[in-house]
There are 2 protein chains.
Amino acid sequence: MPGLKGKHRSGCPVGAALDVLGDRWSMLIIRDLMVRGYRTFKEFQGSGEGIATNILADRLQRLETAGIVSSEKDPEDARRVFYRLTEKGIDLAPVLLELLMWGARHEAPKSAGPVMKQMMAMMAKDRVGFLAEVRKRWEERDLTPLIPKFGG
Amino acid sequence: MPGLKGKHRSGCPVGAALDVLGDRWSMLIIRDLMVRGYRTFKEFQGSGEGIATNILADRLQRLETAGIVSSEKDPEDARRVFYRLTEKGIDLAPVLLELLMWGARHEAPKSAGPVMKQMMAMMAKDRVGFLAEVRKRWEERDLTPLIPKFGG
DNA sequence: CCGGATCCGTTTCGATACTG
DNA sequence: CAGTATCGAAACGGATCCGG
């Protein structure tokens with residue numbers, strides 16, 4: 001069973017946060033849950049250009065243990081599991097937002113399509129409103145992708 | 001020579017950002033540079049409760065390759081090297097800030113001393129001003145720790 | 001001394017095959 | 001569909017060594 005160990009505990013909140021989020025996949029799963037409306041194992045699998053199934057299973061479990069994600073079985077189909085962000089998880093929205101904006105500005109400026117650019121402008125102009133919308137979506141269990149909703 | 005490989009490039013800026021930052025140590029080094037005023041190999045070493053020297057060397061090089069950190073030799077002491085955030089690196093301030101606030105709220109609420117609490121309140125109340133102060137410190141090459149400066 | 005590089009045992013990752 | 005099991009390949013951490 002793979003899994004990272006908590007190590008540095010230097011008392012700094014950043015270190016504590018990175019104990020859970022400081023790896024290649026966790027934030028991508030959170031992004032899928034938060035802005036793409038994904039909720040099943042299968043959906044995550046086809047998302048970030050292929051995470052291995054064992055790693056995905058491990059990360060979901062770690063995130064659940066950390067209280068960032070919750071899971072429940074589909075009442076209509078016993079073999080299906082729905083994942084969802086907890087309150088603690090949706091509170092990561094500002095982190096994800098800033099990471100997205102930094103990445104868009106410095107790491108992938110040319111790959112940003114018009115929809116992404118529009119969203120970027122939206123976020124820069126009305127940060128608070130945007131975050132409020134993300135949370136509202138979460139409260140209402142709205143599973144439509146966030147970007148089309150904003151891109152119009 | 002250890003080193004992570006860029007892998008997922010799913011076109012999403014978050015994925016691109018995590019190609020560089022999605023590991024256990026990079027953001028901690030950036031925190032040390034940004035808010036603690038650290039600038040030498042030795043200082044980083046004694047910081048996050050012990051990163052191995054080979055890993056530290058590798059991460060510094062990766063961050064430099066990514067354009068987040070720059071290095072220059074101490075003109076007065078040839079064996080010493082000073083590291084510093086680039087413009088791209090200081091642009092990570094909002095990400096680090098949000099990570100810090102999330103961690104303080106959800107992961108290490110009890111370990112937050114009065115100074116940290118004061119800083120949290122300050123950041124929550126005047127986010128823009130706080131970020132401006134961080135950037136100003138960077139522009140002026142101010143190496144005093146950020147927290148005492150704010151804690152008063 | 002300082003900033004690394006090298007070596008080595010251990011842990012984690014990633015790909016794929018497989019199961020309930 | 002949602003995970004386990006397996007296994008070779010990386011990456012990690014610790015210790016040590018080395019050039020300046």
Side-chain angles (χ1 to χ4, degrees), chain A residues 1-10 15 18-29 32-33 38-65 69-84 143, chain B residues 1-10 15 18-29 32-33 38-66 69-84:
Chain A
M1 183 204 302
L4 278 39
K5 290 172 187 169
K7 279 292 178 58
H8 26 70
R9 62 189 128 279
S10 59
L18 290 173
D19 273 348
V20 203
L21 306 171
D23 75 279
R24 203 170 201 68
W25 300 107
S26 297
M27 282 302 291
L28 288 176
I29 295 171
D32 287 345
L33 286 162
Y38 291 179
R39 52 180 181 168
T40 66
F41 195 95
K42 181 81 175 298
E43 287 172 317
F44 301 133
Q45 226 182 312
S47 168
E49 204 62 275
I51 177 174
T53 61
N54 54 347
I55 302 299
L56 175 56
D58 177 68
R59 289 300 119 85
L60 285 169
Q61 195 173 323
R62 276 173 35 110
L63 289 171
E64 192 167 359
T65 300
V69 156
S70 64
S71 67
E72 57 177 330
K73 284 182 182 164
D74 181 353
E76 297 177 5
D77 182 351
R79 61 188 181 175
R80 187 184 294 268
V81 179
F82 291 136
Y83 291 94
R84 187 166 187 265
L143 295 178
Chain B
M1 184 203 300
L4 279 37
K5 291 173 186 168
K7 280 291 178 61
H8 26 70
R9 63 192 123 280
S10 59
L18 290 173
D19 274 349
V20 203
L21 306 171
D23 74 279
R24 202 172 199 67
W25 299 107
S26 296
M27 282 303 289
L28 288 176
I29 295 170
D32 286 346
L33 285 162
Y38 291 180
R39 50 179 181 170
T40 66
F41 196 95
K42 183 79 174 300
E43 286 173 316
F44 301 134
Q45 227 182 313
S47 169
E49 203 62 276
I51 178 174
T53 62
N54 55 345
I55 303 298
L56 176 56
D58 176 67
R59 289 299 120 87
L60 284 169
Q61 196 173 322
R62 278 173 33 114
L63 289 172
E64 193 167 359
T65 301
V69 155
S70 65
S71 68
E72 57 177 329
K73 282 181 184 166
D74 181 354
E76 297 175 5
D77 183 351
R79 63 190 177 173
R80 188 184 294 271
V81 179
F82 291 136
Y83 292 93
R84 187 166 186 267

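Naming: A, B, ... by sequence-line order, numbering from 1 per chain.
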[X] [atom1] to [N] [atom2]: how many Å, rounded?
X: B:L60; N: C:dG3; atom1: CG; atom2: C1'; value: 10 Å
X: A:L56; N: D:dA2; atom1: CG; atom2: P; value: 10 Å
X: B:L28; N: D:dC12; atom1: CG; atom2: P; value: 14 Å
X: B:E76; N: C:dC2; atom1: CD; atom2: C1'; value: 16 Å
X: B:R24; N: C:dT12; atom1: CZ; atom2: C1'; value: 12 Å
X: B:Q45; N: C:dG4; atom1: CD; atom2: C1'; value: 10 Å
X: A:D74; N: D:dA2; atom1: CG; atom2: C1'; value: 13 Å
X: A:I29; N: D:dA2; atom1: CD1; atom2: P; value: 14 Å

message = By the 4.0 Å heavy-atom rule, please label A:Y83 as base, sugar-phosphate, or nothing.
response =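 Contact class for A:Y83: sugar-phosphate only.
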ask   = For B:R39 and C:dC2, is the shortest distance between a side-chain N/O and OP1 or OP2 below 4.0 Å?
value =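 Indeed not, no polar side-chain atom of B:R39 lies that close.
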query = Is B:W25 near enough to D:dC12 that one of its side-chain N or O atoms lies under 4.0 angstrom from OP1 or OP2?
reply =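 Looking at the OP1 and OP2 atoms of D:dC12, neither is under 4.0 Å from any side-chain N or O of B:W25.
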message = So, using side-chain contact (heavy atoms from CB on, under 4.5 Å) as the criterion, who are the partners of B:T40 when residues are at least two apart?
response =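 Checked B:T40 against side-chain contact (heavy atoms from CB on, under 4.5 Å); matches are B:K42, B:E43, B:R80, B:F82.
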message = Taking the basic N atoms (NZ, or NE/NH1/NH2) and the acidic carboxylate oxygens, is any pair closer than 4.0 Å for B:D32 and B:R39?
response =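 Result for this pair is no, no salt bridge flagged.
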Nearest to side-chain heavy atoms of [X], which nucleotide of [options]:
X: A:R80; options: D:dC1, C:dG4, C:dG3; result: D:dC1
X: B:A57; options: D:dG3, C:dC2, C:dG4; result: C:dG4
X: A:I55; options: D:dG13, C:dC13, C:dG3; result: C:dC13

task = Can you sort out the partners of B:R79 under salt bridge (Lys or Arg N to Asp or Glu O under 4.0 Å), two or more places apart, ordered by chain and number?
result =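 Listed in chain order: B:D77.
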Locate the shortest heavy-atom distance separating [X] from [Y]; write the atom from each residue and the value.
X: A:V20; Y: A:R62; result: O-NH2, 3.1 Å
X: A:R59; Y: A:S26; result: CD-OG, 3.6 Å
X: A:W25; Y: A:G50; result: CH2-O, 4.1 Å

ask   = For nucleotides 15-20 of chain D, read 5' to 3', which letter fits each nucleotide if B means a protein heavy atom sits under 4.0 Å from the base, S means only the sugar-phosphate is that close, and - means neither?
value = B----B
inquiry  = As an exercise, state the distance from CD1 of B:I51 to CD1 of B:I29, rounded to the nearest 0.5 Å.
reply    =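 That separation rounds to 5.0 Å.
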